[in-house]
Q: 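Mind having a look at this structure? Questions to follow.
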Amino acid sequence: MEQAILDAKKALQFREVPVGAVVVLNGEIIGRGFNQRETLNDPTAHAEIIAIRAAAEHLGSWRLTNAKLYVTLEPCPMCAGAVVNARISSLIYGAADPKAGAVSSLMNLVQDERLNHRVEVTAGICQETCSQMLKDFFAELRNRKK
């Protein structure tokens with residue numbers, strides 16, 4: 001999670017929402033990413049999607065079986081869907097997202113029994129650090145708009 005937090009801090013340098021993600025397989029980081037929606041003008045450029053794409057490229061396969069995804073914020077429906085489709089084994093996240101979270105806050109997409117893959121979930125890792133980064137970012141954004 002510490003590496004995902006470092007990536008979230010990179011997002012701040014680009015005035016992006018501070019979310020970072022890393023994909024780990026056999027103890028090695030094989031993909032990493034941070035939010036780049038504003039920078040790339042791409043609504044799919046979430047930290048998780050970027051990290052999953054990098055991991056798939058690294059392995060030469062879209063199947064990320066036995067991989068773990070660490071992310072600083074609970075994934076949205078798009079990212080939760082990508083986690084399931086990539087066959088990621090475990091999802092570990094920091095802060096809950098009560099407005100868009102698709103793992104526990106609004107729904108639980110990654111463990112839905114109607115889907116062909118389910119993901120082990122661990123929530124709340126470094127929660128305070130992850131949450132505070134987001135709170136500080138949005139407070140600064142509101143102040144800038146005044």
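All heavy atoms count here, side chains included; hydrogens, waters and symmetry mates do not. Remember, predicted model here, so these are calculated numbers, not experimental data.
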Q: Would you kindly confirm whether L25 and V23 end up in one hydrophobic cluster when ILVMFWY residues are joined by side chain heavy atoms under 4.5 Å apart?
A: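 Same hydrophobic cluster.
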Q: Hey, does the side chain of E74 reach the backbone of D97 with a donor-acceptor pair shorter than 3.5 angstrom?
A: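 Pair found, side chain donor or acceptor close to backbone of D97.
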Q: Roughly how far apart are T129 OG1 and M1 CE, rounded to 0.5 Å?
A: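 Result: 10.0 Å between the selected atoms.
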Q: List the residues meeting side chain to side chain contact (heavy atoms under 4.5 Å, CB included) with Q3, not counting sequence neighbours, and say none if there are none.
A: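 Q3: side chain to side chain contact (heavy atoms under 4.5 Å, CB included) contacts with L6, V22, I29, R32.
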Q: Taking L12's backbone N and O only, do any of them form a donor-acceptor pair with R15's side chain (distance below 3.5 Å, no angle check)?
A: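 Pair absent, no side-chain N/O of R15 close to backbone of L12.
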Q: Please answer whether the main-chain N or O of G81 pairs with a side-chain N or O of N85 as donor and acceptor at a distance below 3.5 Å.
A: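 It does hold such a pair.
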Q: Using a 3.5 Å cut-off and no angle test, enumerate the donor-acceptor pairs between side-chain atoms of residues 33-43 and protein atoms at least two apart in sequence or in another chain.
A:
| unit_1 | atom_1 | unit_2 | atom_2 | d |
| --- | --- | --- | --- | --- |
| N35 | OD1 | A47 | N | 2.9 |
| N35 | ND2 | V17 | O | 3.4 |
| T39 | OG1 | E16 | OE2 | 2.7 |
| D42 | OD1 | T44 | N | 2.8 |
| D42 | OD1 | T44 | OG1 | 2.7 |
| D42 | OD2 | T44 | OG1 | 3.2 |

Q: Kindly compute the distance separating OG (S104) from CG (L109), expressed to the nearest 0.5 Å.
A: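 One gets 12.0 Å once the value is rounded to the nearest 0.5 Å.
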Q: Going from SG on C76 to CD on E48, what distance comes out if it is rounded to the nearest 0.5 angstrom?
A: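 Answer for the SG-CD pair, C76 versus E48, is 6.5 Å.
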Q: Applying salt bridge (Lys or Arg N to Asp or Glu O under 4.0 Å), can you list everything that pairs with R144, at least two apart in sequence or on another chain?
A: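 In terms of salt bridge (Lys or Arg N to Asp or Glu O under 4.0 Å), with neighbours along the sequence ignored, R144 is linked to E140.
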Q: Could you give all pairs that pass the salt bridge (charged side-chain N to carboxylate O under 4.0 Å, His left out) test and reach residues 76-93, with sequence neighbours left out?
A: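 Residue pairs passing salt bridge (charged side-chain N to carboxylate O under 4.0 Å, His left out), neighbours aside: none found.
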Q: Are side-chain heavy atoms of L91 and E120 found at a separation under 4.5 Å?
A: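 Heavy-atom side-chain distance check fails, nothing below 4.5 Å.
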Q: Would you tabulate the side-chain donor-acceptor contacts of residues 55-73 under 3.5 Å, counting partners in other chains and residues two or more places apart, or write 'none'?
A:
| unit_1 | atom_1 | unit_2 | atom_2 | d |
| --- | --- | --- | --- | --- |
| S61 | OG | R63 | N | 3.1 |
| T72 | OG1 | G20 | N | 3.1 |

Q: According to ring-ring contact (aromatic ring centres under 6.0 Å, His included), who are the partners of F138, at least two apart in sequence or on a separate chain?
A: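 Residues passing ring-ring contact (aromatic ring centres under 6.0 Å, His included) with F138: none at all.
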Q: Verify, without hydrogens or angle tests, whether H46 (side chain) and V19 (backbone) share a donor-acceptor contact under 3.5 angstrom.
A: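 No: the side chain of H46 does not pair with the backbone of V19.
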Q: Looking at side-chain heavy atoms only, is the closest gap between C126 and I5 below 4.5 Å?
A: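 SC-SC contact between C126 and I5 confirmed.
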Q: I'd like to know if I125 and V103 are part of one continuous hydrophobic network [Ile/Leu/Val/Met/Phe/Trp/Tyr, side-chain heavy atoms within less than 4.5 Å].
A: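 No, it is not one cluster - the side chains of V103 and I125 are not joined through contacts under 4.5 Å.
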